[in-house]
Amino acid sequence: MTKKTPAIFIALPVLCEHENLPAFLHNIQAQDYAGKVNLFVCVNQPDEWWDKPEKLPVCLDNARSLAMLKSLDDQHIKIIDRSSRGKGWVGRQHGVGFARREVMQAIIETANDSDVIISLDADTTFSKAYLSSVAKALKANPEATALSVTYYHHLSGNEIADRAILRYEIYMRCYAINMLLIGSPYAFTALGSAIALTVKNYKGIGGITPKMSGEDFYFLQKLRKKGPLLLWNEEKAYPAARFSDRVYFGTGPAMIKGAAGDWSSYPIYHQDWFTEIKATYDLFPTLYAQDIATPMDQFLAEAFPGEMIWEKLRKNAASVDKFIRACHEKIDGLRVLQYLKWRQRQAPVSDAESLIEFLSQHYPDENILSILPAIKEFNFSTLPLETLNMIREMLVNKEDGMLRESWEKRRK
């Protein structure tokens with residue numbers, strides 16, 4: 001008996017996206033997926049914005065989005081109105097994380113366990129084979145709890161915006177590559193516009209935890225603790241690179257801060273800090289038998305004051321394998337990121353030094369090093385865009401290669 005083709009449910013939060021929605025809807029309609037495709041949209045904003053003159057343009061933009069979606073009269077489009085006066089968010093419970101949860105919870109009330117939820121943003125573009133590729137990847141890897149889709153930011157031709165997104169993407173890809181190199185279970189890039197999973201797996205973790213921002217990171221971390229993540233896909237997602245304060249942190253806010261010269265929240269972490277994390281990982285089997293010093297001891301003592309973490313984990317682990325898993329769940333992706341920030345504060349290393357040493361180790365035969373200025377003269381704000389993009393492309397190729405190799409090994 002032939003198994004039924006799973007339906008795809010697209011989860012789309014919308015805030016001030018009237019300009020982007022027509023192209024997004026056209027993109028969905030052009031998909032080659034053979035099964036049913038349903039679009040669940042949550043148009044959202046805080047209710048109090050209706051009474052704030054500076055926010056009124058956003059409210060009116062959302063009203064136009066609602067009107068346009070309703071005019072389509074499409075049974076495959078479910079509209080959740082969290083923006084009309086009296087229906088918006090109240091208090092601190094607002095933002096993209098709450099919108100994603102609202103729309104995903106609505107999906108699971110309708111969908112079957114085998115159906116697929118694809119999280120997208122209205123300013124994200126993709127090929128006509130995108131939905132098919134996602135469904136195919138999840139079907140080929142049933143042990144994966146979710147798919148974190150590979151991404152790429154197209155340049156806009158606006159020098160300020162392009163410089164900002166290239167710098168931000170270099171930060172993200174250096175981080176991801178280093179996490180892959182040390183074998184971290186949390187070597188994923190969290191983009192809410194590039195996540196997919198089955199309804200069953202969504203239910204299995206109790207759904208997405210609503211947060212005002214950064215919900216995609218915590219969502220993937222929660223899924224990773226449940227099981228392995230799939231990190232490569234045949235088709236990429238192409239999020240927009242734009243200055244935006246719709247969320248509290250992420251691509252848009254990073255670009256705004258970066259364009260003003262502040263990249264302090266997004267440093268290029270030195271690879272030595274990752275080596276210290278890897279050395280700690282390698283000590284987990286020994287720590288099952290006894291306490292020994294690790295490179296992360298000082299940080300862990302500050303992060304978990306008064307807690308004998310290894311002893312506590314040993315008491316609750318019946319085997320070394322379960323102990324190692326418990327260690328990774330304790331020192332999770334958030335703790336790793338906190339450690340990197342902590343380490344950077346202890347012994348600050350410039351972005352230029354970290355990047356040049358990274359390139360020297362991983363691209364010793366490339367001519368990129370010969371055209372980069374010395375560390376003392378290195379400045380991201382004056383480096384030619386062509387050079388920044390060359391660095392970005394090198395990192396893209398390396399990350400894609402590592403992810404694809406891992407995916408092919410999984411298939412075998």
Side-chain angles (χ1 to χ4, degrees), residues 13-24 54-55 57-58 61 95-96 120-126 150-177 189-194 213-214 216-217 236-269 341 344 348-356 358-359 368 371-397 399:
V14 165
L15 189 156
C16 202
E17 296 284 10
H18 182 260
E19 182 180 358
N20 294 313
L21 273 175
F24 179 86
E54 72 276 13
K55 294 295 186 181
V58 175
D61 186 283
V96 66
L120 285 170
D121 286 340
D123 61 359
T124 300
T125 60
F126 35 87
T150 47
Y151 70 97
Y152 185 89
H153 292 100
H154 288 303
L155 300 183
S156 65
N158 178 304
E159 181 173 351
I160 296 175
D162 288 348
R163 185 175 295 280
I165 194 57
L166 286 171
R167 168 60 180 78
Y168 183 63
E169 198 170 316
I170 288 170
Y171 151 77
M172 289 200 298
R173 294 195 185 276
C174 283
Y175 173 83
I177 291 169
T189 299
L191 292 174
S193 56
S213 199
D216 42 12
F217 174 86
K236 282 185 169 66
Y238 299 92
R242 58 173 173 164
F243 297 105
S244 171
D245 60 359
R246 295 171 305 155
V247 295
Y248 295 94
F249 56 88
T251 305
M255 290 178 64
I256 292 173
K257 289 180 66 177
D262 181 7
W263 287 104
S264 58
S265 297
Y266 308 94
I268 298 175
Y269 299 110
K341 292 180 179 296
Q344 177 72 5
V349 179
S350 71
D351 291 336
E353 182 177 346
S354 293
L355 179 60
I356 289 175
F358 179 87
L359 294 174
I368 185 67
I371 64 174
L372 290 179
I375 290 176
K376 289 184 178 180
E377 288 78 36
F378 190 106
N379 190 326
F380 278 102
S381 64
T382 58
L383 207 61
L385 275 178
E386 295 80 5
T387 304
L388 280 174
N389 196 35
M390 185 185 302
I391 295 171
R392 189 268 293 265
E393 293 296 330
M394 292 168 63
L395 297 175
V396 167
N397 291 336
E399 184 179 351

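Here the structure is a predicted model, which is why all the values come from computation and not from measurement.
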Test your reading of the model: is there a side-chain donor-acceptor pair from Arg163 to the backbone of Phe380, 3.5 Å cut-off? yes
Side-chain touch Met394/Met390, heavy atoms, less than 4.5 angstrom: yes
Heavy-atom closest pair (Asn20 atom, Ala122 atom, distance to 0.1 Å) is CB-O, 3.6 Å
Closer than 3.5 angstrom, by distance alone: can the side chain of Asn397 be matched with the main-chain N or O of Glu393 as a donor-acceptor pair? yes
Is any side-chain heavy atom of Tyr151 less than 4.5 Å from a side-chain heavy atom of Met172? yes
Compare all side-chain heavy atoms of Leu383 with those of Leu372 and state whether any distance is below 4.5 angstrom. yes
Please examine the side chains of Leu155 and Leu166, heavy atoms only from C-beta on, and report whether any two atoms are closer than 4.5 Å. yes
Atom pair CZ (Arg173) and OG1 (Thr189), whose distance is rounded to the nearest 0.5 Å: 7.0 Å
Indicate yes or no for a side-chain donor-acceptor contact from Asp123 to the backbone of Pro239 under 3.5 Å, with no hydrogens or angles considered. no
For a 4.5 angstrom cut-off between non-hydrogen side-chain atoms, does Leu15 reach Val96? no
Measuring from Arg392:CZ to Glu169:CD, what's the distance to the nearest 0.5 Å? 4.5 Å
To check you understand the geometry: which heavy-atom pair defines the closest contact between Tyr238 and Lys236, and what is its length? CE1-O, 3.7 Å
Does the side chain of Phe358 come within less than 4.5 Å of Leu395's, by heavy atoms? yes
Nearest non-hydrogen partners of Ser193 and Leu120, listed with the distance: O-CD2, 3.4 Å
Closest heavy-atom pair and its distance - Tyr266, Arg167: O-NH2, 2.8 Å
Could you tell me which non-hydrogen atom of Asp351 sits nearest to which non-hydrogen atom of Ile268, and how far apart they are? OD1-N, 3.0 Å
In Å and rounded to the nearest 0.5 Å, what is the CZ to CD distance from Phe24 to Glu17? 9.5 Å
Taking every heavy atom of Asp216 against every heavy atom of Gly192, the minimum-distance pair comes out as OD2-N, 2.9 Å
